[in-house]
Q: 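Sending over a structure as structure tokens; questions will come in a sec.
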Amino acid sequence: MIDTKEALKKYFGFDSFKIGQKETIDSILRGADTFTVLPTGTGKSLCYQLPSYLMSGQTVIVSPLISLMEDQVSQLRQMGEKSVIAINSTLDFSTKKYVLAHLKEFKFIFISPEALNQEEVFNVFKRLNISLFVIDEAHCISEWGHDFRPSYLQLKENLNQLNQPLTLALTATATETVKKDIEQELFATRDFNEFIYSVNRENIYYQVEECEDKVEYLKQFLLTKNSPGIIYFSSKKEAERVAMLLNEILPYSVAFYHGDLSGADRIKIQQQFIHDEIRILCATSAFGMGVNKENIRFVIHYHLPDSLENYVQESGRAGRDGKQSISIILYQKGDERIHYYLQDESYHQKKDLLFLKGKTKEDLKKYDNSLTDIQKKWLNMLEKNNWNWEKFEQNLNSKQFEKRTKTQKMGFYIENKSCRRQSIINYFNNHYEKVSQEICCDNCTPDKIINFEEKDGTILKKEPFNSKELLKKLFLI
DNA sequence: CGGGCCTGATATACATCAGGCCCGGTGCGGTATT
């Protein structure tokens with residue numbers, strides 16, 4: 001038996017494992033497919049990096065974001081690992097050709113599910129010697145696979161064609177739905193080990209505020225604070241509007257972050273936030289995955305999150321350093337309707353596709369220009385699945401219903417008068433876990449004063465460059 | 001889905017209301033073109 005502890009010291013310089021790591025690594029080294037759920041973002045990459053060093057073949061890591069891949073690549077390179085590459089659209093044509101021709105020489109290969117499904121790429125993967133196939137942020141299969149990023153549902157077929165390599169799925173979100181989807185899509189015909197750790201984040205206080213004037217609430221809250229925080233919005237415009245407003249009245253920088261920003265702006269703002277040059281970020285759900293900022297003291301939801309899964313992901317970005325932090329949802333009746341709309345919207349896009357049923361390939365070419373991106377991808381998938389419309393329509397209806405139900409449950413959480421922490425834990429199906437904390441939530445311990453400010457926190461001066469940048473953006477619209 | 005806003009009709013000189021319209025998240029990709 002391999003001494004994993006010795007390997008940990010040798011390759012990473014650590015003396016002991018963090019929670020969940022040893023169990024996961026031992027399982028992989030025994031040759032068992034593994035599904036691991038760890039609550040925070042820290043320490044998950046070691047779960048595949050260490051076994052990778054102890055096995056002779058190559059490790060493939062499927063990752064949802066280019067920025068995530070690049071983080072991991074540079075982290076490995078910093079450790080002195082040269083044999084690492086990310087395959088995605090940032091590679092230019094000739095580099096990509098070169099990399100594919102020499103892919104056998106790389107130990108760690110990061111790739112997006114879309115890139116993996118390009119024919120010329122996948123053909124190369126078939127000839128690799130894959131000792132471990134990792135799906136990082138595996139909840140994306142359930143969250144995005146059914147509509148937003150259908151390539152995630154191709155992984156099942158990819159694994160088949162690669163002769164079922166040893167597979168590891170990693171995530172921080174594991175409701176029954178997510179687990180079911182991952183089981184079905186990745187481990188359908190195989191036994192696998194499952195390691196699920198509590199979602200409870202003891203150092204986060206949970207609070208819900210029903211309020212008419214959310215901006216006023218924010219002003220009151222923020223004027224007495226001096227710590228880094230994120231405010232989540234379900235609309236890009238509103239995130240920008242509130243960021244501008246707060247930037248005027250607060251003595252430090254507030255910026256906004258959403259999917260319309262260019263890649264360069266995203267990187268810049270994220271870096272400034274990580275280095276405390278920007279103190280508060282008004283963001284949509286575009287922000288956060290893979291962001292390792294330890295000292296975020298509060299996460300406020302200006303709008304209702306669309307599900308407890310996403311709420312836990314987003315609020316969980318507070319207090320990575322283990323210090324007392326707070327998560328507040330500002331709720332106003334009707335906040336949920338945008339989610340219902342957006343869920344309908346993606347449903348209707350699928351429904352619009354149904355009129356293509358029965359048409360020949362030649363017929364379909366005529367419509368090609370009028371189809372949305374996502375519709376084209378569905379057509380692509382349907383073709384690969386021999387035009388199984390029946391299955392397609394069934395999925396369409398059940399996924400729509402599932403998403404709506406999740407938003408409704410988020411609404412129940414708001415109204416709930418019992419312990420919020422316990423509600424979250426129950427939702428993630430850890431019913432046997434009973435919590436009781438001195439500092440817990442607004443329902444359990446409303447009288448406890450939450451002091452999460454650093455005593456010696458100094459107010460950094462405003463970055464003039466950045467506020468100018470924000471103003472420029474506003475006037476360009 | 002549903003709140004907010006504009007428009008036009010009504011009925012009568014200033015306001016009210018019905019009806020229509022608008023708006024809203026997440027990312028891969030080598031799309032074709034100035």
Side-chain angles (χ1 to χ4, degrees), chain A residues 62-70 86-97 99-100 110-122 136-137 139-155 173 212 232-241 256-263 266 282-291 301-307 309-311 313-314 332-349 365 368-378 380-381 399-400 403-404 406-408 410-411 477:
Chain A
V62 174
S63 174
L65 302 179
I66 291 174
S67 61
L68 258 177
M69 293 181 220
E70 293 187 336
I87 300 173
N88 56 45
S89 60
T90 58
L91 298 180
D92 62 51
F93 187 76
S94 57
T95 314
K96 189 176 173 185
K97 279 263 182 282
V99 166
L100 287 178
F110 292 85
I111 192 161
S112 65
E114 286 84 359
L116 183 66
N117 278 290
Q118 289 164 2
E119 210 175 331
E120 59 156 342
V121 175
F122 195 66
D136 197 13
E137 307 287 357
H139 63 282
C140 293
I141 291 172
S142 179
E143 184 94 347
W144 287 350
H146 304 281
D147 44 20
F148 184 47
R149 292 178 67 178
S151 292
Y152 264 102
L153 297 191
Q154 284 294 108
L155 289 174
T173 311
E212 291 294 311
Y232 275 107
F233 295 78
S234 49
S235 137
K236 293 177 277 197
K237 265 191 191 164
E238 194 67 357
E240 289 193 17
R241 188 183 73 87
F256 58 80
Y257 184 108
H258 57 60
D260 285 353
L261 298 182
S262 70
R266 285 185 184 213
C282 294
T284 61
S285 56
F287 182 80
M289 217 194 281
V291 174
H301 280 82
Y302 188 92
H303 292 125
L304 187 76
D306 69 345
S307 64
E309 281 93 327
N310 282 333
Y311 175 54
Q313 282 264 355
E314 288 163 358
Q332 194 170 17
K333 215 173 168 221
D335 279 355
E336 57 281 0
R337 68 197 150 79
I338 186 177
H339 301 304
Y340 294 142
Y341 167 80
L342 292 169
Q343 287 156 10
D344 273 6
E345 160 90 324
S346 95
Y347 167 75
H348 283 304
Q349 280 192 32
K365 273 184 189 160
D368 217 43
N369 287 332
S370 61
L371 297 178
T372 63
D373 262 19
I374 203 93
Q375 286 174 334
K376 284 179 195 169
K377 276 185 277 191
W378 279 316
N380 211 341
M381 273 187 74
K399 286 297 154 190
Q400 156 94 349
K403 286 190 173 177
R404 204 185 164 86
K406 283 182 181 182
T407 305
Q408 280 166 349
M410 193 67 232
I477 291 165

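All values reported here derive from a predicted model rather than from experimental measurement. In what follows, chains carry the letters A, B, and so on, assigned in the order in which the sequence lines appear, proteins first and then strands, with residues in each chain numbered from 1.
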Q: With a 4.0 Å cut-off on heavy atoms, is Arg404(A) in touch with a base, just the backbone sugar-phosphate, or nothing at all?
A: nothing
Q: Parallel, tilted or perpendicular for Phe233(A) and His303(A), by the 30°/60° rule?
A: perpendicular
Q: For the P atoms, the ones on dA11(B) and on dT16(B), what distance do you get once it is rounded to whole angstrom?
A: 16 Å
Q: Anything below 3.5 Å on both distances counts as a pair; with that, list the stems of at least three consecutive Watson-Crick or G-U pairs involving DNA chain B.
A: B:1-10 with B:15-24
Q: Grab the CD-P distance between Glu137(A) and dT26(B) for me, whole Å please.
A: 17 Å
Q: Do Asn88(A) and Glu70(A) have side-chain atoms, one donor and one acceptor, less than 3.5 Å apart?
A: no
Q: Select base, sugar-phosphate, or nothing to describe what Gly259(A) touches, counting heavy atoms under 4.0 Å on all strands.
A: sugar-phosphate
Q: Could you give the NZ-to-C1' distance, from Lys403(A) to dG25(B), as a whole number of Å?
A: 10 Å
Q: Just the table, please: protein N/O against nucleotides 22-24 of chain B N/O, every pair under 3.5 Å.
A:
from, atom 1, to, atom 2, distance (Å)
dG24(B), OP1, Lys237(A), NZ, 3.3
dG24(B), N7, Tyr341(A), OH, 3.3

Q: Using the salt bridge (charged side-chain N to carboxylate O under 4.0 Å, His left out) rule, pick out the option among Asp147(A), Asp344(A), Asp306(A) that qualifies with Lys403(A).
A: Asp147(A)
Q: Between Asn88(A) (CG) and dG29(B) (P), how many Å, whole number?
A: 5 Å
Q: Side chains of Gln313(A) and Thr173(A) only: does a donor on one sit below 3.5 Å from an acceptor on the other?
A: yes
Q: Kindly write out the residues that satisfy salt bridge (Lys or Arg N to Asp or Glu O under 4.0 Å) with Glu309(A), not counting sequence neighbours, or none if the list is empty.
A: Lys406(A)
Q: Categorize His339(A) for me: base, sugar-phosphate, or nothing, with a 4.0 angstrom heavy-atom threshold over every strand shown.
A: nothing
Q: Check the distance between dG25(B)'s P and Lys406(A)'s NZ and give it to me in whole angstrom.
A: 20 Å
Q: Please list, chain by chain and in numerical order, all residues satisfying salt bridge (Lys or Arg N to Asp or Glu O under 4.0 Å) with Glu120(A), sequence neighbours excluded.
A: Lys96(A), Lys97(A)
Q: Take atom P in dC28(B) and the same atom in dG24(B), then report the distance between them in whole Å.
A: 22 Å
Q: Closer than 4.0 angstrom, basic N to acidic O: yes or no for Glu240(A) and Lys237(A)?
A: no
Q: Expressed as a whole number of angstroms, how long is the span from Leu304(A):CG to dC1(B):P?
A: 18 Å
Q: Grab the CG-P distance between Leu68(A) and dG27(B) for me, whole Å please.
A: 11 Å
Q: Mind checking side-chain hydrogen bond (donor to acceptor under 3.5 Å, both in side chains) for Ser235(A) and listing every partner two or more places apart, or none if nothing turns up?
A: none
Q: How far, in whole Å, is dC22(B) from dT26(B) if one measures between their C1' atoms?
A: 23 Å
Q: What are the two closest heavy atoms between Ile111(A) and Met69(A), and how far apart are they?
A: C-CE, 3.7 Å
Q: Would you please name every residue forming a salt bridge (Lys or Arg N to Asp or Glu O under 4.0 Å) with Glu114(A), sequence neighbours left out?
A: Arg149(A)
Q: Roughly how far apart, to the nearest Å, are dG8(B) and dC14(B) at atom C1'?
A: 16 Å
Q: Could you give the CD1-to-C1' distance, from Ile111(A) to dG29(B), as a whole number of Å?
A: 12 Å
Q: Expressed in angstrom and rounded to an integer, what is the separation of His301(A) atom NE2 from dG25(B) atom C1'?
A: 13 Å
